[in-house]
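Numbers restart at 1 for each chain; the letters A, B, ... are given by sequence-line order, proteins then strands.
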2 protein chains.
Amino acid sequence: MKRSAATLKDVASAAGVSAMTVSKALRNAPGVSDKTRERVLAIAQNIGYETNVSASVLKTGRSGIIQIIVNEYDIPFYAKLIDVMSSAVVANGFTPFLQQTKYSKSTLQSTLSSSLFSGVLSDGVIAHASGLSGDLFEKIIHGKPAVLIDSCEEQPVVSSVVFPNEEGARAAVQYLAERGCRNIGLIGPSYLEKQDFLHSPSPMKLRMRGARAALLDLGLPYDESTVVAVEGMSEEHAIDSVHELVRNGRIPFDGLFCLNDSTAIGAIRALADHGIRVPEDVKVIGFDGVREGRFHVPSLTTINVDMDQLARLVMLSLKQQIDHEGDPLPATKTTIGFTLIERESTQTR
Amino acid sequence: MKRSAATLKDVASAAGVSAMTVSKALRNAPGVSDKTRERVLAIAQNIGYETNVSASVLKTGRSGIIQIIVNEYDIPFYAKLIDVMSSAVVANGFTPFLQQTKYSKSTLQSTLSSSLFSGVLSDGVIAHASGLSGDLFEKIIHGKPAVLIDSCEEQPVVSSVVFPNEEGARAAVQYLAERGCRNIGLIGPSYLEKQDFLHSPSPMKLRMRGARAALLDLGLPYDESTVVAVEGMSEEHAIDSVHELVRNGRIPFDGLFCLNDSTAIGAIRALADHGIRVPEDVKVIGFDGVREGRFHVPSLTTINVDMDQLARLVMLSLKQQIDHEGDPLPATKTTIGFTLIERESTQTR
DNA sequence: CTGAAAGCGCTAACAA
DNA sequence: TTGTTAGCGCTTTCAG
């Protein structure tokens, strides 16, 4: 029951060699004969030796830990994101360390700066969190390798991999139009006019911009009544907004592009409450491609973003930065691809 | 751009005191005058000092890190679990460290024993993972504070907090019967007879046992045809099994208790594929109370387990163990409560 | 209340 | 190939 773990020295004396030799043997470092290495490994295994990470981190300044920061775990989109990103981090030989900010900027800051993961303990950061400008981020992490996910700043200070927000939104609206929709509504943060898109772009603003552009190109209306404003991008928010909309008269749409899957799912749920059928009365398309969309009735048509590509690109950038510590690489910005997955919620038949 | 963080010494010389004084000041340890402390804090803040955790862990042997190990992140049940548990860990002043095993026993083992989080780096472990017997677990963690979630062993070696599997299942079946169901089907791993329940209980076995007992008590049939066997507890598995069932003739049930919410959601989805209506033709009830159940059409009636209570009890046990390091406490086993949440999937009307 | 000394366990650099 | 030395940054202990 002794929790005082075995140390290198213990292994060394048991093996009749020096601590240094054991250290090399265990790390597969050069400078140890195969015979010695094997023997050391066996003995280490035998006495249950585990390397003390604190010590080695203290010495080497490298932990192999990559922080992954998101807003929240229990949301389909983030559940998928942390799954994919953790797996990618592991596949690259690092250890992922997840944290959720619960949308709190102060939590984010303390998460990033203070306590456990300040200077040394993490070798890099991957973040998708609201209230996270590249400036702020850079000020906190001080040049530590980092990649932001879907940070839409025009002049990126920190490298980021972004979703195909505009393109995807365009495709969604065009698809609805092709399926015969002429009164297309949008569910998103709020109605925006041209000039509103100029400053501080955000993923949802960009999706709105893409949708707006598509509508105008198609000669379809885009005005205040086009947008069903939601206070947040969760199912609950969409349910509230749609309920309110219907309460003020029948909904005027035959197609609905929801700026993410959660609001799409909420919208379908709320429409059902009022006996409005999807897709017969209204066709609905979402954005993200969360796994839950497949299992709903009706199943959800969506703009599926390529998460595997996301993970690959993030890790690529991160590893480059880690390899180049000291001489900082310029920040990059890469956009990933998407596919439109057709399901029941937009069926014509 | 210097990534070489400020050290205690830097702060010390800037403040004109010794490193020791700074250390005490920053940790709120006794032995420093308020005046000195304030000055030190200000200076530390000013030059952006962050304590090097590796060093302090190395010295003190305590990291404040609690490992949380689950099978998988992108599953509604686990998404909820990690949210609740992380929050509880944080609320208790510790830092949660999440890991997913992807149901691999070897991943689990290496996760627990080798590499990063072996001996020192984590102060405790919370785990909900398959292939995780208490014995195995204990062998790996060697008396480190730990709590297993829903480990149903009769003679717990490690403390655990378990779900109300039997009671909840009983309540689910009774509820269906009260709603008029006479041909109640169960969706779960496989058909089990009395003797099958004796050995190596698992959560799903216990739910099956509770359901069986309820059926027999009610004088309703329980035989091989009662159970729709699934290969796993995800939506996909349930979809496959229900499809196969329907392919072999109309389904003989007017009520369906699915041993978790994911299979319930899958079942409803598959039934819809065949034009079978829920709840008109078949009433469906699930188990767990994942957030997604609310948003489905029909919304899902379920046995909602009290996750907040779970989190509280887990942390309580863990903290007791941490406080008692050295003289091990006896393993405990506590069952949490549940409520039946009525929604559309079992409506009568 | 403050500080000097020692060492946690490991590994980079060098010496043998 | 192996071993020795030194020190990462912090905190425990004990002396001032």
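The separation between Lys59(A) atom NZ and dA12(C) atom P is 8 Å, rounded to whole Å. We find that CG of Asp10(B) is positioned 14 Å from C1' of dC8(D), with the value rounded to whole Å. When the C1' atom of dT11(C) is taken as reference, atom OH of Tyr49(A) falls 11 Å away, rounded to whole Å. The nearest whole Å value for the distance from the CG atom in Leu8(A) to the P atom in dC8(C) is 13 Å. Atoms CZ (Arg27(A)) and P (dG9(C)) sit 17 Å apart, rounded to a whole Å. Going from atom NZ of Lys9(A) over to atom C1' of dG9(C) covers 8 Å, rounded to whole Å. A straight line from CG of Leu26(B) to P of dG9(D) spans 16 Å, rounded to a whole angstrom. The separation between Leu58(A) atom CG and dG9(C) atom C1' is 9 Å, rounded to whole Å.
Under the 3.5 Å distance criterion, with hydrogens and angles disregarded, a donor-acceptor pair is assigned to the side chains of Ser23(A) and Arg27(A). Between the side chains of Asn71(B) and Tyr78(B), a donor-acceptor pair is found at a separation under 3.5 Å.
Classification of Lys319(A) and Asp123(A) as a salt-bridged pair fails, no side-chain N sitting under 4.0 Å from a carboxylate O.
Summary of helix geometry: the two end axes of the helix from dC1(C)-dG16(D) to dA16(C)-dT1(D), each defined by five base pairs via their C1' atoms, are inclined to each other by 30° (rounded to 10°).
To the nearest 0.5 Å, the span separating CG on Asn92(B) from CE on Met315(B) amounts to 4.0 Å.
When all heavy atoms of Ser122(A) and Gln67(A) are compared, the closest pair comes out as OG-NE2, 3.1 Å.
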Test salt bridge (Lys or Arg N to Asp or Glu O under 4.0 Å) applied to Arg39(B) and Asp34(B), step by step:
CA-CA 9 Å; Arg39(B) 199 159 47 84; Asp34(B) 286 355; over 6 Å; no
Can you list the steps and then say if Lys102(B) with Ser87(A) is a side chain to side chain contact (heavy atoms under 4.5 Å, CB included)?
CA-CA 10 Å; Lys102(B) 292 278 185 181; Ser87(A) 300; 3.8 Å; yes
Test side chain to side chain contact (heavy atoms under 4.5 Å, CB included) on Tyr49(B) and Thr51(B); report intermediate values, then the result.
CA-CA 7 Å; Tyr49(B) 171 81; Thr51(B) 108; 3.6 Å; yes
Using the 3.5 Å cut-off, write out each protein N or O paired with an N or O of nucleotides 14-16 of chain C and the distance between them.
none

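Look at Thr21(B) and you won't find any side-chain N or O under 4.0 angstrom from OP1 or OP2 of dT2(C). Residue Ser18(B) has a polar side-chain atom (N or O) positioned under 4.0 Å from OP1 or OP2 of dG3(C). Between Ser23(A) and dT11(C) there is a side-chain N or O to OP1 or OP2 distance below 4.0 Å.
Of the listed nucleotides (dT12(D), dA12(C), dG3(D)), dT12(D) has the atom at the smallest distance from the side chain of Thr60(B). Comparing dT11(C), dG3(C), dG9(C) against the side chain of Asn52(A) picks out dG9(C) as the nearest.
Between Val32(B) and Val22(B) the shortest side-chain heavy-atom distance does not fall below 4.5 Å. Between Ile66(A) and Ile126(A), some side-chain heavy-atom pair lies under the 4.5 Å cut-off.
The distance between the ring centers of Phe97(B) and Phe97(A) falls below 6.0 angstrom.
DNA chain D lies under 4.0 Å from at least one heavy atom of each of the following residues of residues 30-44 of chain A: Gly31(A), Val32(A), Ser33(A), Thr36(A).
Each of Thr335(B), Leu316(B), Leu313(B) was evaluated against Val161(B); a single residue qualifies, Leu313(B), per the side-chain contact (heavy atoms from CB on, under 4.5 Å) test.
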